[in-house]
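Have a look at the structure below, then the notes.
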2 protein chains.
Amino acid sequence: MAAGPTAGRVTRRRVRTRANLLDAAFEVFAAKGFGRVSIEEVCDAAGYSRGAFYSNFDSLDELFFALYRQRADMIAEQVATALASDGPGLDVPAAVDRVTEVLLLDRDWLLVKTDFLVHAARDPEVARTLLEHRARLRRAVADRLARARGHTALPAVLGSIDGAAHAVVAAYDGVTTQLLLDRDVDHARTWLGQLLTALLTDGSTRH
Amino acid sequence: MAAGPTAGRVTRRRVRTRANLLDAAFEVFAAKGFGRVSIEEVCDAAGYSRGAFYSNFDSLDELFFALYRQRADMIAEQVATALASDGPGLDVPAAVDRVTEVLLLDRDWLLVKTDFLVHAARDPEVARTLLEHRARLRRAVADRLARARGHTALPAVLGSIDGAAHAVVAAYDGVTTQLLLDRDVDHARTWLGQLLTALLTDGSTRH
DNA sequence: GGCGTTGGATGCATGAATGTATCGGATACA
DNA sequence: TGTATCCGATACATTCATGCATCCAACGCC
């Protein structure tokens, strides 16, 4: 952890600069990628000097980690609230629309998240954080599916509701990859909708 | 492009060192990630000095690009042959097994591929190369599905055979992400099998 | 096997990023 | 308003990677 006062004295100024550094870092990381960003670039973008940085963080890695947590928490909350509302029936298209609005909101977040994935893939400690985030998303989905049980059928191949939730996250990951490459957000949204429909609804209409 | 002889004279030695550099680069990139690797590290791993590197490549980026093309071609070919064989009927579990054997062969390739994705996401030129690779995979899958038409039903939500092929690749991407995080190859294989089954076969058995 | 060409090794100069130590100004609290 | 503390700026030393220019050895071709 960074230095910080031993306990009290949460200086107003400090939280502001910390937030500014995180915001600037998000921009810069999204634009150039974690591996190609220097500490100084972040500081320049935020309008501070390196002294400010080292006063708040120990390394770029730590900043990156903090940044991910901050944004991931935000997203997870938004998804949860987007799914928590309305009754027991599951209107798949409507629910999908609401969720994709959040999950595929901006490409910048996907870029940063994928950078973080690459990071996590080589550090089990970091991986745990990312897995937790995914678990939160899954839980939100599973909760929603559980309330819809009996109203809507699920494919048996996926096993439990938990399996279905896993599938939803996998579909999200798959569409993310495609979106990162073709930059077509609208197409990604409809495509994710189709995928989820294929996975979650009765697919008896076949050809 | 790197210097290289003006035209002829493809020195035997040259191709060998180039191949050695590429192999070493694969190891090093997989282990540390593209963003954290220096030219000298690659040279050390390959047993050459930087002079050899600059004689064969102009930059780390170019080496990385060449490395990706090399491996991607290999994989695409393997997948195509794994799917081209046997008759018109589609035995999903068997086909899936054969393909996952290739696609989820080693984690190192997935690591490098994801690094490359991050790279491509910020450079449309590079993205095109990756999209071509994915298109080749899709085509192999679509060809296989086309031959199975009439023998097996496909979900209508996915639209055409091409849509189904897209879905297969998306599932692959989704499982890749999960595998990078939990490092459980066996689980990833069975999980990919379930997903593909859910996407491609008649899901009339529901609960 | 000799000779001209090519490939790779070595040494050096340059630029950039990092981390730290120190200093001046802002901030919170009495 | 005064003062002790904290925060961020500046300057510096150090390390590291890069790219080039030069040199020796291996190679291909006759």
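Chain letters run A, B, ... following the sequence lines, proteins first, then strands; residues in each count from 1. Computed from a prediction, not measured in an experiment: that's the story for all the values here.
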Check your understanding: What pair of heavy atoms forms the shortest contact from Ala46(B) to Leu21(B), and how long is it?
Key -> CB-CD2, 3.8 Å

Check your understanding: Any luck finding a side-chain donor-acceptor pair between His133(A) and Tyr68(A) under 3.5 Å?
Key -> yes

Review point. Could you state the CG-C1' distance from Asn56(A) to dC6(D), rounded to the nearest angstrom?
Key: 12 Å

Check your understanding: What is the distance, rounded to the nearest whole Å, between atom CZ of Arg13(B) and atom C1' of dA9(C)?
Key -> 11 Å

Practice item. Could you check how far CZ of Arg16(B) sits from C1' of dG28(D), rounded to whole Å? Key: 14 Å

Exercise for review: Give the rounded distance in Å between these two atoms: CD of Glu62(A) and P of dT18(C).
Suggested key: 15 Å

Check your understanding: Should the pair Asp23(A)-Arg71(A) be classified as a salt bridge under the 4.0 Å nitrogen-to-oxygen rule?
Key -> yes

Check your understanding: Does atom CZ of Arg183(A) have more than 12 heavy-atom neighbours, drawn from other residues, nucleotides or ligands, at distances under 6.0 Å?
Key -> yes

Check your understanding: Are any of Thr17(A)'s side-chain N or O atoms less than 4.0 Å away from OP1 or OP2 of dC7(D)?
Key -> no

**Study point:** Whole-Å distance separating the CG atom of Asp44(A) from the P atom of dG8(D)
**Key:** 16 Å

Check your understanding: So, Asp115(B) and Arg122(A), do they make that salt bridge, N to O below 4.0 Å?
Key -> yes

**Study point:** Residues, nucleotides or ligands: over 12 heavy atoms within 6.0 Å of Glu77(A) CD
**Key:** no

Review point. Out of dC27(D), dA9(C), dG8(D), which has the shortest distance to the side chain of Thr11(B)?
Key: dC27(D)

Review point. Starting at the 5' end of DNA chain D and moving along, which residue's nearest nucleotide shows up first, Gly47(A) or Phe53(B)?
Key: Gly47(A)

Point to revise | Whole-Å gap separating P (dG8(D)) and CG (Leu21(A)) | key: 8 Å

**Study point:** Spacing between Arg14(B) atom CZ and dG7(C) atom P, to the nearest angstrom
**Key:** 4 Å

Check your understanding: Would you say a side-chain N or O of Arg12(A) is under 4.0 Å from OP1 or OP2 of dA28(C)?
Key -> yes

Exercise for review: Report yes if at least one side-chain N or O of Ser55(B) is closer than 4.0 Å to OP1 or OP2 of dG7(C); otherwise report no.
Suggested key: no

Practice item. Quick one: which residue pairs count as a side-chain hydrogen bond (donor to acceptor under 3.5 Å, both in side chains) with a foot in residues 167-176 of chain B, not counting sequence neighbours? Key: Arg134(B)-Asp173(B)

Review point. Can you find a pair of side-chain heavy atoms, one from Val126(A) and one from Phe116(A), that are under 4.5 Å apart?
Key: yes

Review point. When the distance from CZ of Phe57(B) to P of dG8(C) is rounded to whole Å, what number comes out?
Key: 11 Å

Exercise for review: State whether Glu132(A) and Arg128(A) are salt-bridged, where the test is any N-O pair (Lys NZ or Arg NE/NH1/NH2 against Asp/Glu carboxylate O) under 4.0 Å.
Suggested key: yes

I'd like a list of close polar pairs between nucleotides 14-18 of chain D and the protein, N/O only, cut-off under 3.5 Å.
from	atom 1	to	atom 2	distance (Å)
dT18(D)	OP2	Ile39(B)	N	3.1

**Study point:** Difference in axis direction between the ends of the helix from dG1(C)-dC30(D) to dA30(C)-dT1(D), five pairs, 10°
**Key:** 40°

